[in-house]
Amino acid sequence: MTNTKIIVAGPRGKMGREAVKMIHNTEHFTLVGCVDHKNGGLRVKDIEGLPDTDAPIYQDIEQCFKRIEADVLVDLTTPEFGYKHTKLALEHGIRPVVGTTGFTKEQLLELEQLSEEKELGVVIAPNFALGAVLMMQFSKWAAKYFPDVEIIERHHDQKLDAPSGTAVKTAELIQEVREAKKQGHEEEKETLAGARGADVDGMHIHSVRLPGLVAHQEVMFGSSGETLTIKHDSINRESFMTGVKLSVEKVMELNAFIYGLENLLE
Ligand SMILES: NC(=O)C1=CN([C@@H]2O[C@H](COP(=O)(O)OP(=O)(O)OC[C@H]3O[C@@H](n4cnc5c(N)ncnc54)[C@H](OP(=O)(O)O)[C@@H]3O)[C@@H](O)[C@H]2O)C=CC1
Ligand SMILES: O=C(O)C1=N[C@H](C(=O)O)C[C@H](O)C1
């Protein structure tokens, strides 16, 4: 396999750390640099817990792109910066692999257009865990027969976006097969605002945030006399690395915009 030169944005984060380690341990990947808004000028090895590599850290992403030759940007930062970084990567001819969640529909559309204009592959995956991708696909299948559905996502309390990217993507996949339908009683009223969660075409998304959690989602379906629950748990962040690795490999063969890891699986 040809060697892929990778920049990671957000190397100190919970996901960024795992990604840096995975890249360091993958023979056909080379970590050529990192972007960390608080640690410009250091080397990766200077940050506690990161691999012993001399890859430089830049505070400013544009400086990083100007000085370092790279094939792929792996972004694991925040919704605000993830979007800016992805745009800048495309403008510099670098293929983005984005795990950062919380982008708006308009931002996704804009990035898709830029990817087409530049003829460069982009992978934006709301969830890199293979089990989570299957959970979403099974939910889409089930929604064909069970249109009454509630999505309950549970995450650690440091998460910035709600609902999670996975919940949003699950609802979008279900929308492809489910007619809009108001669920619950016709005259249902919330006596406390938000009690029924977010409403997507009548299905509801509930976001739980607690210390101790990692990333979990249940999709519950109900019908006459039965319920069906499809559940996925990420119990650590290594669970996401198979998908990050696959995305980096695939993005090098692509000139298209991919939203969702399911589009890269056979
Ligand atoms: N697609 C997937 O499978 C997964 C996606 N995610 C998503 O990935 C993102 C990161 O998650 P997680 O690692 O848990 O979050 P963390 O808060 O642990 O990590 C984010 C890191 O990005 C850094 N950062 C913030 N702004 C910048 C910037 N401008 N330049 C460089 N670095 C910056 C933060 O630094 P500081 O805190 O010092 O500001 C922090 O170290 C989130 O959007 C999350 O939803 C998470 C898990 C799986
Ligand atoms: O912030 C997280 O932790 C996660 N974010 C992603 C999301 O918003 O769905 C993926 C996973 O759930 C973990």
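Each ligand, and each atom within it, is numbered from 1 in the order the structure gives. Throughout, residue positions are numbered sequentially from 1 according to the sequence presented. It should be emphasised that the depicted structure is a prediction, and the values quoted were computed from it without experimental measurement. The figures that follow rest on heavy atoms only: side chains count, while hydrogens, waters and symmetry mates do not.
- Under the 4.0 Å criterion applied to side-chain N and carboxylate O atoms, Asp36 and Arg12 are assigned as salt-bridge partners.
- Of the heavy atoms in Phe240, only side-chain atoms (C-beta onward) come closer than 4.0 Å to ligand 1.
- Counting heavy atoms closer than 4.0 Å to ligand 1, residue Ala215 contributes nothing at all.
- Heavy atoms of His85 approach ligand 1 to within less than 4.0 angstrom.
- Contacts of Ile61 with ligand 1, taken as heavy-atom pairs under 4.0 Å, are absent altogether.
- In this structure, the protein non-hydrogen atom closest to atom 17 (O) of ligand 1 is Lys14 NZ, 3.9 Å.
- For the residue pair Glu249/Thr4, the side-chain donor-acceptor check at 3.5 Å is not satisfied.
- Looking only at heavy atoms of the protein, atom 5 (C) of ligand 1 is closest to Gly99 O, 3.0 Å.
- Enclosure of atom CD in Glu119 is not indicated, since only 12 or fewer non-hydrogen atoms of other residues, nucleotides or ligands lie within 6.0 angstrom.
- At least one donor-acceptor pair under 3.5 Å links the side chain of Asp71 to the backbone N or O of Lys5.
- Against a heavy-atom cut-off of under 4.0 Å, Thr166 is close to the following atoms of ligand 2: 7 (C), 9 (O), 10 (C), 12 (O).
- The Lys159 neighbourhood of ligand 1 comprises atoms 45 (O), with distances under 4.0 Å to a heavy atom of that residue.
- Looking only at distances, no side-chain donor or acceptor of Thr26 sits under 3.5 Å from a matching main-chain atom of Phe29.
- In summary, the atoms of ligand 2 found under 4.0 Å from a heavy atom of Ser164, numbered by their order in the structure, are 7 (C), 8 (O), 9 (O).
- Looking from atom 3 (O) of ligand 2 to the surrounding protein, the closest heavy atom is His156 NE2, 2.9 Å.
- Heavy-atom proximity to Val35, at under 4.0 Å, picks out these atoms of ligand 1: 31 (C), 32 (N).
- Near Pro126, meaning under 4.0 Å from any of its heavy atoms, are these atoms of ligand 2: 6 (C), 7 (C), 9 (O), 10 (C).
- Taking a cut-off of under 4.0 Å to the non-hydrogen atoms of Asn127, the atoms of ligand 2 that pass are 10 (C), 11 (C), 12 (O).
- Close N/O approach between Lys38 and ligand 1 is found [any backbone or side-chain N/O within under 3.5 Å].
- Ligand 1 has no N or O atom lying under 3.5 Å from any N or O atom of Phe81, backbone or side chain.
- The proximity of Gln158 to ligand 1, defined as any non-hydrogen pair under 4.0 Å, does not occur for either the backbone or the side chain.
- Using the six-membered ring where Trp is involved, His204 and His206 have ring planes that are parallel, under 30° apart on the 30 and 60° scheme.
- Those atoms of ligand 1 that come under 4.0 Å of a heavy atom in Thr78, given as number and element, are 25 (C).
- Close contacts of ligand 1 with Gly10, meaning ligand atoms under 4.0 Å from a residue heavy atom, involve 22 (O), 32 (N).
- Near Asn127, meaning under 4.0 Å from any of its heavy atoms, are these atoms of ligand 1: 1 (N), 2 (C), 3 (O).
- The heavy atom nearest to atom 13 (C) of ligand 2, out of those in Arg237, Lys169, His155, Glu153, is found in His155.
- Considering each of Arg17, His37, Glu18, the one bringing a non-hydrogen atom nearest atom 36 (P) of ligand 1 is His37.
- The pair Glu153-Arg209 counts as a salt bridge, with a side-chain nitrogen and a carboxylate oxygen less than 4.0 angstrom apart.
- Heavy-atom neighbours of Ile235 CD1 from other residues, nucleotides or ligands within 6.0 Å: at or below the threshold of 12.
- In summary, Lys140 and Glu262 do not engage in a salt bridge, as defined by a charged side-chain N under 4.0 Å from a carboxylate O.
- Sparse packing is recorded around CD of Glu27, with 12 or fewer heavy atoms of other residues, nucleotides or ligands lying under 6.0 Å away.
- Of the protein's non-hydrogen atoms, the one nearest atom 3 (O) of ligand 1 is Phe128 N, 2.7 Å.
- Note that Lys14 lies outside the cation-pi zone of Phe240, set by a 6.0 Å cut-off to the ring centre and a 45° limit from the axis.
- Within 6.0 Å of atom NZ in Lys182, more than 12 heavy atoms from other residues, nucleotides or ligands are found, so the atom counts as buried in its surroundings.
- Residue-environment remark: CD (Glu188) exceeds the threshold of 12 foreign heavy atoms within 6.0 Å.
- Between Ala125 and ligand 1, at least one pair of N/O atoms sits closer than 3.5 Å.
- Shown in contact with Thr101 at under 4.0 Å from a heavy atom are these atoms of ligand 2, numbered in order with element: 6 (C), 7 (C), 8 (O).
- Here Thr77 has heavy atoms under 4.0 Å from ligand 1 in both its backbone and its side chain.
- Ligand 1 places these atoms under 4.0 Å from at least one heavy atom of Asp36: 31 (C).
- Ion pairing between Glu91 and Lys87 fails under the 4.0 Å rule for side-chain N and carboxylate O.
- With a 4.0 Å heavy-atom cut-off, ligand 1 is reached by the backbone of Pro126 but not by any atom from C-beta on.
- Under a 4.0 Å criterion applied to the non-hydrogen atoms of Leu76, ligand 1 contributes the atoms 10 (C), 20 (C), 21 (C), 22 (O).
- Heavy-atom proximity to Ala215, at under 4.0 Å, picks out these atoms of ligand 2: 11 (C), 12 (O), 13 (C).
- Looking at ligand 1, you'll find an N or O of Thr101 within less than 3.5 Å of one of its N or O atoms.
- The pair Lys159-Asp157 fails the salt-bridge criterion, with no side-chain N (NZ, NE, NH1 or NH2) lying under 4.0 Å from an Asp/Glu carboxylate O.
- Taking 4.0 Å as the cut-off between side-chain N and carboxylate O, Asp201 and Lys181 do not count as a salt-bridged pair.
- Scanning the protein heavy atoms around atom 1 (O) of ligand 2, the nearest turns out to be Lys159 NZ, 2.9 Å.
- Heavy-atom separations between Lys84 and ligand 1 are all 4.0 Å or longer.
- No donor-acceptor distance shorter than 3.5 angstrom exists from the side chain of Asp46 to the backbone of Leu42, with no hydrogens or angles considered.
- Looking at Met15 next to ligand 1, an N or O pair under 3.5 Å apart turns up.
- In this structure a side-chain-to-backbone donor-acceptor pair under 3.5 Å is present from His185 to Glu187.
- Of all protein heavy atoms, the one closest to atom 7 (C) of ligand 2 is Gly165 N, 3.4 Å.
- Between the side chain of Thr100 and the main chain of Asp75, a donor-acceptor pair closer than 3.5 Å is present.
- Taking distance alone, with nitrogen or oxygen atoms compared against 3.5 Å, Gly13 approaches ligand 1 more closely than that limit.
- Thr53 places a side-chain N or O within donor-acceptor distance of the main-chain N or O of Ala55, the cut-off being under 3.5 Å.
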